[in-house]
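Order of the sequence lines sets the chain letters (A, B, ...), proteins ahead of strands, with each chain counted from 1. The model shown is predicted, which means the values in this text are computed figures rather than measured ones. These values consider heavy atoms only, across backbone and side chains, with no hydrogens, waters or symmetry-generated copies.
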Amino acid sequence: MPTFRLLSFVIALLATASAWGASAVSEHQLKIVASNYPLAYFAERLAGSSATVTSPAPADADPAYWRPDAKAVGAMQKADLILLNGADYEKWLAHVTLPRLKRVDTSAGFRDRFIRIENAVVHSHGPAGQHSHEGIAFTTWLDFDQAAQQAEAVAKALIAKRPELKTTVLDALKTLQADLAGLDGELKRITAARPGLPLMASHPVYQYLARRYGLNLKSVHWEPGEMPPANEWTGLDKTLAQHPAKTMLWEGPPAAAVADKLSTKGIASVVFDPCANRPESGDFLVIMKRNIENLKASFQR
Amino acid sequence: MRHDFYLAWRYLRHHRMRTLILVLCLSLIAALPMGLHRVLDAGEYWMTRRAEATPLLVGARGSSVDLTLGALYFSEAGVPAIRMQEADRIAATGWADPLPIYARYRVQGRPLIGVTLDYFDFRGLVPAQGELPAILGDCILGADAAERLGLGPGDTLASSSGNAFDLAGTYPLKLHVSGVLAKAHSPDDHAVFVDLQTAWVIEGLGHGHAETQAAPTQPDSPFGAATVGRADAELLTYTEITPENLGSFHFHGDPATYPISAVIALPHDARSATLLRGRYLDDKSATEIVRPLDVTRGLLQNIFRVGALFDGILLLVGGIAFLLVALVFALSLRLRQREIETIYLLGCARLAVLRLLLAEILLIALFAGAVCTAVLAAAAPHASNLARHFILS
């Protein structure tokens, strides 16, 4: 009986110590806010359990056109690190008050290689209202070499904030960059098979993808869930006359009616999800691998 | 000896009013300079503490005193502006974190300070009411500023226009009070803080506008949309930032060229501080780096040189007061001639009379010393507050 009591006491002591240890770890967890999912994914991979990573934009909103309210800004102000995509992605940045020393512009390292968009069309989709893609192309992470540089910027910021995590973060960075290099190599290999193959994109968000992997890409301004008006189809026909594409890249699966109408023109709809927001299932790497697989079929056709 | 003190005590007790006046005079003569020194010491401590907490300061080349007083104590004498790229330049070295400050404007007599949110962390300023500024156009008030202006979270106040003769047309901006800072016992208590970007909107570098027909008009409101009568006419420039027009606010030009007053540089270590200071050795450079502690100490040395003169005057006054007390004693001895004669006739020696008088003087000095110590002890806890009120305010 005394042995049983002693054992119970030791178990209770260990349970208390482990609970205290867990609370101590959570107290020391870094609070990271990332302006889009790719950055949140990089931070999660690099910091592991040492950080809690959140994205302020709601799940149903495009982070590129979302605007934070005072409450969201207040939450961001309390973060230890605010990861920004840069390249004019966070258009709300000039309208809010955030600590500069906690902000990390992850694309600052390749600022001189940003793609400037001229004469963009003003259009609208969803509840976000009208917008245009004029300015700087911002889906920087679709060039996986740039994505690796952004991951490195995240790693540097993490190490500066928590030098004791240096070894863990650098090891994780090596693995992450290897994964991104894998995607980069695979895409280069696929696109090299048929260089200059004409492609269409439903939205002008693939500029960096096209530049890095030599895609011969032209864009329209179509939304996956909306049937484009007649003039858009006429415009497409005119474009196809000069640019005989057999594939259109979509950010999400297009409506069946749109896909069918495109297929009557001999155009296959291929999803290449930029993955700006957290996917319902899988993660950044899974989605990108799926994107590459989707694109592969077009180059093998 | 015991009898001498007993007789002296009885005598002083008998003439209690005269004794009280003498004790009070002597104790105050001693307490006044000592008390003043304590207040000055506290003032020096508070001034040095703020400078000590500010490792390095970068600003326009010129008077380092003006630069320090402007950036640390928000003095009314403005300092020449430098460009925002100076803060970027410091950050790019990787040796220090920059905290840009823009202290050009005043709002209802209070300094209006444009800072980044990091400034509040650096100075340990936290909101006692409300929140820190979140959206363009928000401001947060120092504790004293809020009290004097009678404002709190949810209230508004108008910034002063940059220049009444500005033909480019900048308008007062209606600032939204997001919160009030907890008392910090520093110049921050008297200031109104806005985000640097809001300060640039007040400067006229950023604005929001819409086409005339689309914008709401409030002709009777001093904060209604103001029509800009210039080359880009037919535009309405908003003078209040609201959730509806926030999206239309934008800045022109390169933010790196925007003005700031100074940059507080927070070096990561001593080596970084030395390396950073080395970057500003060029005399031809438009900017300079100063250690606010050195500047403040130099300034205080000058102040205390005046303090030494003050001490000399106090010493002279003390000497005169002492002579007056001696005179009072001498006159009192003359008045007590008959009493002294009686003591002598009773058989006491001349020395006994002298001992009696010395015992009286000693007792008075002891009482005065005790009162002086009590006065200083009672005033000591208030010295710091007095210094903050009279020296730092």
Side-chain angles (χ1 to χ4, degrees), chain A residues 31 33 56 61-62 64-82 84 86 88 90-106 108-109 111-112 114 116 122 124 127-132 134-136 152-153 156-157 159-163, chain B residues 84 87-88 90-92 94 96-100 114-122 126-127 130-140 153 176 178-179 193-201 205-208 241-252 255 258 263-266 268:
Chain A
K31 283 182 197 157
V33 173
D62 183 347
Y65 298 102
W66 167 80
R67 284 184 186 282
D69 56 12
K71 198 179 161 193
V73 176
M76 282 195 266
Q77 287 176 347
K78 289 179 181 74
D80 296 306
L81 272 179
I82 302 164
L84 303 173
D88 209 15
E90 295 83 10
K91 293 182 177 62
W92 42 266
L93 205 56
H95 300 150
V96 302
T97 305
L98 289 178
R100 274 177 188 251
L101 298 180
K102 291 177 183 172
R103 280 162 29 180
V104 183
D105 181 351
T106 57
R111 190 173 282 154
D112 55 334
F114 286 160
R116 190 160 284 282
V122 176
S124 67
Q130 287 202 323
H131 68 263
S132 88
E134 195 164 85
I136 296 166
E152 194 176 329
K156 277 183 184 166
I159 293 167
K161 208 76 182 166
R162 286 285 164 81
Chain B
M84 185 61 189
D88 300 335
I90 293 167
D97 290 329
L99 300 180
V115 290
T116 62
L117 217 61
D118 311 291
Y119 181 84
F120 301 107
D121 286 341
F122 166 63
V126 288
E131 301 287 338
L132 290 171
I135 305 290
L136 202 68
D138 284 353
C139 70
I140 189 161
H176 298 260
S178 68
F193 291 98
V194 292
D195 183 58
L196 213 48
Q197 295 183 136
T198 303
W200 289 333
V201 169
L205 294 165
H207 58 257
I241 300 169
T242 63
E244 290 74 36
N245 68 22
L246 179 66
S248 78
F249 272 80
H250 56 277
F251 293 88
H252 291 282
Y258 289 0
V263 185
I264 293 173
L266 309 176
H268 300 144

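Taking CH2 of A:W92 as the reference point, atom CD1 of B:I135 lies at 10.0 Å (rounded to 0.5 Å). We find the OG1-CD distance between A:T97 and B:E131 to be 12.5 Å, quoted to the nearest 0.5 Å. Considering CG of B:L132 and CG of A:L98, their distance stands at 11.5 Å, rounded to 0.5 Å.
The salt bridge (charged side-chain N to carboxylate O under 4.0 Å, His left out) test applied to B:D118 returns no partner, not counting sequence neighbours. Under the rule for a salt bridge (charged side-chain N to carboxylate O under 4.0 Å, His left out), A:R67 has no partner lying at least two apart in sequence or in another chain. Taking B:Y119 as the reference, B:F193 meet the ring pair (Phe, Tyr, Trp, His ring centres under 6.0 Å) condition, with sequence neighbours excluded.
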Does the side chain to side chain contact (heavy atoms under 4.5 Å, CB included) test come out yes or no for A:L101 and B:L117, once each step is laid out? CA-CA 9 Å; A:L101 298 180; B:L117 217 61; over 6 Å; no
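Nearest approach of B:A134 to A:A70, heavy atoms of both residues: CB-O, 4.0 Å.
A donor-acceptor contact shorter than 3.5 Å links the side chain of A:H95 to the backbone of B:F249.
Interface remark: B:P98 contributes backbone and side-chain atoms alike to the contact with chain A (heavy atom separation under 4.5 Å). Heavy atoms closer than 4.5 Å to chain B are found in both the backbone and the side chain of A:K102. Residue B:D138 does not touch chain A at all, counting heavy-atom pairs closer than 4.5 Å.
Here B:D195 does not pair with A:R100 in a salt bridge; the nearest charged N to carboxylate O distance is not below 4.0 Å.
Within 6.0 Å of NZ on A:K31 lie no more than 12 heavy atoms contributed by other residues, nucleotides or ligands.
For residues 73-81 of chain A, heavy-atom neighbours of chain B at less than 4.5 Å comprise A:V73, A:Q77, A:K78, sorted by residue number.
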